[in-house]
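By convention in this document, chain letters (A, B, ...) are assigned in the order of the sequence lines, proteins followed by strands, and residues within each chain are numbered from 1.
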2 protein chains.
Amino acid sequence: MPPKAYHRKLYEYIMEEIALRILKGDYPSETTLPNEDALCKEYQVSRGVLREATKVLTQKGLIQARPKVGTLVQPRSNWNLFDADVLTWKLQVDGKVEFLRKVTEVRRLIESEAARCAAERCSPTEIAAIAEPLEEMAEMLTAATDGSRFDYETYLAVDMAFHMAIMEASHNELLAQIGVTMRQAVLSARRLDIHNVKVLQESVKDHRRLFTAIQAGDAQGAYDASRLLFDAVWRHLPQR
Amino acid sequence: MPPKAYHRKLYEYIMEEIALRILKGDYPSETTLPNEDALCKEYQVSRGVLREATKVLTQKGLIQARPKVGTLVQPRSNWNLFDADVLTWKLQVDGKVEFLRKVTEVRRLIESEAARCAAERCSPTEIAAIAEPLEEMAEMLTAATDGSRFDYETYLAVDMAFHMAIMEASHNELLAQIGVTMRQAVLSARRLDIHNVKVLQESVKDHRRLFTAIQAGDAQGAYDASRLLFDAVWRHLPQR
DNA sequence: ATCATTTAATCGTCCTATGATTGAATATCC
DNA sequence: GGATATTCAATCATAGGACGATTAAATGAT
């Protein structure tokens, strides 16, 4: 069953397989998974591999093994929501819009605060690291006036670099990591989202305003600009 | 070596053992751990157990295994900071004060926002769930005027219950989980901190103000009250 | 000197056997 | 008959050994 083409480790494949089945409800909460031997047969892997997969899933809060009774699927309230994988899985197959709104709520909170901190604390080097992807974004969009040859994937990567640079500049690695993880989770889940170049061109103005405020050391301005950006994100969120 | 008294699983013991040695610098960043056979001998466990431990540590971002070269200790920038274990370990043996300040910074951000959301959204049931531990806190402190028989551990648990109830009432499980995890990490790391009953009695007023605002649906008031509480925490943080 | 080949170290995977834990069935005793 | 102790069986937990896959480094060929 395990396709030869995967370069990921076998246990990662099995882990995701089981996780998705839990997410989809194939293995309902509060019930037990098939026992280890059965799972090994089903997925055609050794017990060692299976156990590595389940250990990690345990750590993510999806399951909990007990001798004699089996491996229990944990209720959603136990899931480790700021595990990058869980977040991605949940956004992909689960509640969709409602949860996405909650993630966005937290992202706005975190990233705006990071912007404020960045304005207060960042160094010239860090300012340059923020400026560079910003310029690239602007270039890509002006070059895209003809409508065609616009590489959306690349644009997303550059946009990500811009925001990551700001979070790094907050000098609070905890803040940065929360923000980056959530941004990545959302990115991978909603890839093909805003294809409207015009909307993106609008948003560049706001990006630039955010950068200018950080550069000027204007903490409140940076905070406000970041909130503004998220207001736009909020508006483009799918409506229920 | 593994003490028989542990009820934790063996791999958890080994995992923590290795993690702490990484934290303490016994296994420096960018170097490789001893190979699997050597580690098995050293810790007197089977390879399966060792591998379960390393899989989880990989997931936490502390190490990364590659064939032929070995298991590399990852730089701190790769560590999964909002993994509850990593957070606890880091607070226990690592940078201490500086990192604690950063955690507190994020906690204030998260918990205050949660308080705001709770004020806007919480149900009567949830209000009751917040009120109960608050009353208990007050009782414990008034009963403690004689100075002696004050159970600090219990008090901490009740205080935790109060704040957890608020975060639950935010109706954003993501927000709640970030807040709760950080609070627990800090709790286990700094247990014996404020033993001054008088300080606690002061803080009850602020707790009550926070509760009243939530009960009244006063979002801004709840937010402000929460910030005030954290200002007090901030003042009692060890000075460098 | 450059490139291809071989080698060896290490992790990756599989297999089988045995131990430990614990819920449930059974037997014992009052 | 009911409570308590005992036995049983299912499941995970741990051990140990064997072989495969990957790849950095040593070696050899051009």
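- Applying the 3.5 Å distance criterion, the base of C/dG12 shares a donor-acceptor pair with the side chain of B/R47.
- Closest to the side chain of A/R51, from the set D/dA10, D/dA15, D/dC12, is D/dC12.
- In this structure, A/L57 places its CG atom 14 Å from P of D/dC12, rounding to the nearest Å.
- Phosphate contact (OP1/OP2 of D/dT14, side-chain N/O of B/S46, threshold under 4.0 Å): absent.
- B/T32 comes within contact range of no nucleotide atom at all, as no heavy-atom separation falls under 4.0 Å.
- If you take OH of A/Y43 and P of C/dT13, they are 17 Å apart, rounded to a whole angstrom.
- One can place CD1 of B/I14 at 10 Å from P of D/dT14, the figure rounded to the nearest angstrom.
- Side-chain proximity of A/K68 to the nucleotides D/dA13, D/dA9, D/dT23 is greatest for D/dA9.
- Remark: A/R66 is in phosphate contact with C/dG23, judged by side-chain N or O atoms under 4.0 Å from OP1 or OP2.
- With rounding to whole Å, A/D37 atom CG is found 8 Å from D/dC12 atom P.
- If you check C/dG12, C/dG23, C/dT10 against the side chain of B/N35, the one that comes closest is C/dT10.
- Heavy-atom neighbours of B/E132 CD from other residues, nucleotides or ligands within 6.0 Å: at or below the threshold of 12.
- No side-chain N or O of A/N80 forms a donor-acceptor pair with one of A/Q59 less than 3.5 Å apart.
- Nearest nucleotide to the side chain of A/L10, out of C/dC11, C/dT13, D/dT14: C/dT13.
- Using a 4.0 Å heavy-atom criterion, one finds that A/G48 contacts no nucleic acid atom at all.
- Taking atom CD1 on A/I63 and atom P on D/dT11, their separation rounds to 16 Å, with Å as the unit.
- Between the C1' atom of C/dA9 and the CD atom of B/E36 lies a distance of 12 Å, rounded to the nearest Å.
- Atoms CG (B/L50) and C1' (D/dA13) sit 15 Å apart, rounded to a whole Å.
- If you check C/dG12, D/dA13, D/dT14 against the side chain of B/V49, the one that comes closest is D/dT14.
- Look at B/R21 and B/E42 and you find a salt bridge, because one of the NZ, NE, NH1 or NH2 atoms lies within 4.0 Å of a carboxylate O, short of that distance.
- Atom CD1 of A/I110 is separated from atom CG of A/L174 by 8.0 Å, given to the nearest 0.5 angstrom.
- As a whole-Å value, the separation of B/L72 CG from D/dA24 C1' is 12 Å.
- Phosphate proximity of C/dC11 to B/T71: present, with a side-chain N or O under 4.0 Å from OP1 or OP2.
- For B/E52, taking side-chain heavy atoms from C-beta onward, the closest of the listed nucleotides C/dA9, C/dC11, D/dT14 is D/dT14.
- The shortest non-hydrogen separation linking B/S170 to B/A114 is CB-O, 3.6 Å.
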